[in-house]
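One structure is given below, encoded as structure tokens.
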Amino acid sequence: MYEDNEIQEFINKLDIVQVISEYVTLKKSGANYKGLSPFKPERTPSFTVSPGKNIFKDFSSGIGGDVITFYMKINNLTFAEAVEELANKYNIQFNSRFSGKSSNKQNSLQKFHMILQTALEFYSENIFKNKKALNYLEKRGLNENDIKRFKLGYAPENWDSLLENFKNKDYSNEDLIELGLIKRASTGNFFDVFRDRIIFPIYNKNQNIVGFGGRALDGESTAKYINSQESKVFNKSREVYGLVSRGEKIRKKGFVILMEGYMDVLSAHKNDFENAVASLGTAFTDEQAKLLKRYTNNIVISYDNDEAGKNALFRASYILKKHEFNVKCLFFPKGIKDPDEFFQSNDKKKFVELLKESVDIFEYMFSEFSYDIDIKTVEGKKIFIDRFKEFFANLQNRIEIDIYLDKLSEELGISKQNLEAEILKSNTGKYKKTKTKEFKKEEISIKNKLNYDLLEVSTLKLILKYPEYYKEFAEKEIKSFIIIEILKKLKKIDFNTKILDNSEIDEEEKKLIFKFSREADLEIEKEDEYYKILYTDWFNRELEKEIHKKDQNYFYMKQIEHELKNIHSLQEIKELYNKFKLYVRGESDHA
């Protein structure tokens, strides 16, 4: 399965049934286990796990392989990330180069986690010694059991309490500074960063502690909330607060609830909504969206009921739509500001009712964007459309765009075509208004001054001389703007270059077509040989790209590279290429 003995040893140490059972309900069927596909909706189980062979096969989607392959696919991870998570989760030593980290770096990170854990133990001990901290949490609805469950702590108000706690331990002040636990004053003395604060531990996706949030008890003279500084183990834009059980609570619920504050999340968790997370007091980021995408495509935003919360909701939704989430918004009754306040006077049944009433982000935006304008007037329509541009600029799914455009077209009384031309003309996002002819000419002129990719030019020459080859290369990843445009327009006229003057092909493009056609006539003497070279070169380019990833397919790709060098007939090359494509798509039985 793998040529590297250490990887195979690692796979053998994992119980494939145990790993997969966390995601799929498996039932014994002879020597194997069966269940419903986790990758594709189905009614009849076609997902099979073979513990004897240590592999799985999902016949509905065609995906199959070993336990690492499954973990990668189900969690949307790279090979290195999957190995690292599985090693941590099941306490298996794995120091291969494929883990992506040297043992020295791994040891360093482990040391930092241990320092933070030691600090948390200190804070946890102190919270039960401080009446002020306990009284504050009691007023927020958290009792002693909650404090222990959520591992809350208290940082004493003395300047060096934590520092003193670390004095007899085998860690340097530089380590504590790196983790943002202490700082050096201008006098040269050291002091604690967190003082007289409730401490909230922050964990990463592997449930390793990476930092702290601190809530001031004296809110008048200092910042209410502070977080640990960025460090080798903590980047607040990549983490979320409240991610428990390695995301399993989110997977089982089928959606995540995005909140703003620590207390919002704790109140939700206390009421059994352990799929609630918060973005650490900062604006929601792309990295946080990617993290949550590993567990679900569905998200409900439950931000504060104020103007700042509304603006934050819009910003977060743009990012979430860019990552193709299904986004809904949850709103509280009048007079209730946030989730924490709601749970102080309502039970979880009431929250479930609110969840059921949550609205699609588009519907909410429609209501908000039209609130202070009259969309029956020309001016009102223009303002309204303008407000929607950023939302549409971040949409990635063409079907979703069409659905929303249809709704706007119906409500505004504007044709879908004109509406699309106006609303998608923003220069941000994936979908933009079609470039004007003048702009295209300008861009083409610039491109003509650049060096072309020789393989792409050779492909264009072959197609110009023998149009029947277009289908063979239509799906290749051509990056040259001008070549893409030429091929697109030639296809419209069935590659009949005699009617160029009656087509939409402009003068710049015609010049290049004539130039490359002449060169093709001179260069392509042996059609079959020229075609075989191109086919092989494109194969090598795609193969090199896969090898460069150095993921779980690495050794198989190297094997294909070796085979390609030792075969010569076009038929053999094509058969090997088809084998390669099936494996890349996860449809090969090789694994």
Side-chain angles (χ1 to χ4, degrees), residues 392-393 395-403 405-406 409 414-427 429-524 527-528 530-535 537-539 541-542 574 577 581:
F392 274 90
L395 295 180
Q396 303 295 306
N397 187 293
R398 184 67 230 188
I399 294 174
E400 194 171 34
I401 288 176
D402 282 343
I403 291 171
L405 283 173
D406 283 337
S409 175
I414 300 174
S415 75
K416 182 178 178 181
Q417 184 179 5
N418 289 336
L419 188 60
E420 180 171 10
E422 176 62 26
I423 210 165
L424 301 182
K425 75 179 181 182
S426 170
N427 287 327
K430 180 176 179 180
Y431 292 98
K432 304 167 188 172
K433 182 182 175 183
T434 306
K435 296 183 180 76
T436 62
K437 194 114 175 175
E438 291 71 31
F439 183 80
K440 283 186 178 178
K441 283 184 179 179
E442 180 184 346
E443 189 168 34
I444 289 168
S445 296
I446 293 169
K447 291 283 182 179
N448 285 344
K449 295 174 185 176
L450 304 176
N451 292 322
Y452 291 107
D453 181 294
L454 292 178
L455 180 56
E456 293 179 7
V457 171
S458 296
T459 303
L460 176 59
K461 289 176 182 177
L462 178 68
I463 294 171
L464 283 169
K465 190 164 184 177
Y466 304 103
E468 60 267 28
Y469 286 110
Y470 173 78
K471 290 181 180 179
E472 294 270 12
F473 297 99
E475 294 181 3
K476 298 302 178 189
E477 190 179 350
I478 293 175
K479 296 178 181 178
S480 169
F481 175 84
I482 182 64
I483 292 178
I484 292 171
E485 286 297 300
I486 287 174
L487 287 172
K488 189 190 301 180
K489 292 175 181 178
L490 284 173
K491 185 175 182 292
K492 285 184 179 179
I493 59 172
D494 293 322
F495 298 92
N496 185 355
T497 53
K498 293 179 181 179
I499 58 171
L500 290 183
D501 291 334
N502 298 322
S503 69
E504 63 182 47
I505 298 174
D506 62 34
E507 293 304 315
E508 288 278 349
E509 292 164 339
K510 286 177 189 175
K511 287 178 184 177
L512 285 175
I513 289 172
F514 290 136
K515 175 181 182 294
F516 290 142
S517 293
R518 287 195 302 271
E519 290 176 1
D521 287 335
L522 294 171
E523 294 172 11
I524 307 175
E527 174 190 343
D528 291 344
Y530 194 93
Y531 167 62
K532 189 177 92 170
I533 291 170
L534 282 183
Y535 198 101
D537 286 348
W538 275 109
F539 189 359
R541 177 172 288 189
E542 293 178 50
K574 283 190 170 186
Y577 179 77
K581 292 301 289 183

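Residue indices begin at 1 and follow the sequence shown. Quick note: numbers below take in every heavy atom, side chains included, and nothing from hydrogens, waters or symmetry partners.
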Tyr470 and Phe495 aromatic ring geometry - parallel, tilted or perpendicular at 30°/60° bounds = tilted

ask   = What about the rings of Tyr466 and Tyr531, do their centers lie closer together than 6.0 Å?
value = no

task = Take the angle between the ring planes of Trp538 and Phe473 and call it parallel below 30°, perpendicular above 60°, tilted in between.
result = tilted

query = Can any side-chain N or O of Asn397 pair as donor or acceptor with the backbone N or O of Ile399 at less than 3.5 Å?
reply = yes

inquiry  = Show the nearest heavy-atom pair for residues Ser409 and Ser415, with the distance to one decimal.
reply    = OG-C, 3.8 Å

inquiry  = side chain to side chain contact (heavy atoms under 4.5 Å, CB included), that's the test. Do Ile505 and Ile493 meet it? Break it down for me.
reply    = CA-CA 10 Å; Ile505 298 174; Ile493 59 172; 4.2 Å; yes

key: Distance (rounded to the nearest 0.5 Å) between Phe392 CZ and Glu422 CD   = 12.0 Å

remark   = In short, Leu419 meets Leu405 closest at the heavy-atom pair CD2-O, 3.7 Å

task = Kindly compute the distance separating CD1 (Ile533) from CG (Leu455), expressed to the nearest 0.5 Å.
result = 11.0 Å

query = Is there a side chain to side chain contact (heavy atoms under 4.5 Å, CB included) between Lys476 and Thr459 once you walk through the steps?
reply = CA-CA 10 Å; Lys476 298 302 178 189; Thr459 303; over 6 Å; no

request  = Report the C-alpha distance between Lys416 and Glu420 in whole Å, list the side-chain angles of each, state the deciding distance to 0.1 Å, and finish with yes or no for salt bridge (Lys or Arg N to Asp or Glu O under 4.0 Å).
outcome  = CA-CA 6 Å; Lys416 182 178 178 181; Glu420 180 171 10; over 6 Å; no

request  = Determine whether more than 12 heavy atoms belonging to other residues, nucleotides or ligands lie under 6.0 Å from atom CD of Glu468.
outcome  = yes

Working for salt bridge (Lys or Arg N to Asp or Glu O under 4.0 Å), residues Glu519 and Lys461 = CA-CA 8 Å; Glu519 290 176 1; Lys461 289 176 182 177; 2.8 Å; yes

query = How far apart are the closest heavy atoms of Ser517 and Leu464, and which atoms are they?
reply = OG-CD1, 3.8 Å

inquiry  = Please report the interatomic distance CG(Leu512) to CD1(Ile486), rounded to the nearest 0.5 Å.
reply    = 5.0 Å

ask   = Between the side chain of Glu509 and the main-chain N/O of Glu485, is any donor-acceptor distance below 3.5 Å?
value = no

query = Rounded to the nearest 0.5 Å, how far does CZ of Phe516 lie from CZ of Arg518?
reply = 10.5 Å

ask   = So, Lys574 and Glu472, do they make that salt bridge, N to O below 4.0 Å?
value = yes

message = For a salt bridge (Lys or Arg N to Asp or Glu O under 4.0 Å) check, start with the C-alpha distance between Lys581 and Glu542, then their side-chain angles and the critical distance, and finish with the verdict.
response = CA-CA 9 Å; Lys581 292 301 289 183; Glu542 293 178 50; 3.3 Å; yes

ask   = So, Asp402 and Arg398, do they make that salt bridge, N to O below 4.0 Å?
value = yes

task = Show the numbers, then the answer: is there a side chain to side chain contact (heavy atoms under 4.5 Å, CB included) between Leu490 and Ile463?
result = CA-CA 10 Å; Leu490 284 173; Ile463 294 171; 5.9 Å; no

note = Distance col, row Ile423:CD1 vs Leu395:CG, nearest 0.5 angstrom, shows 9.5 Å

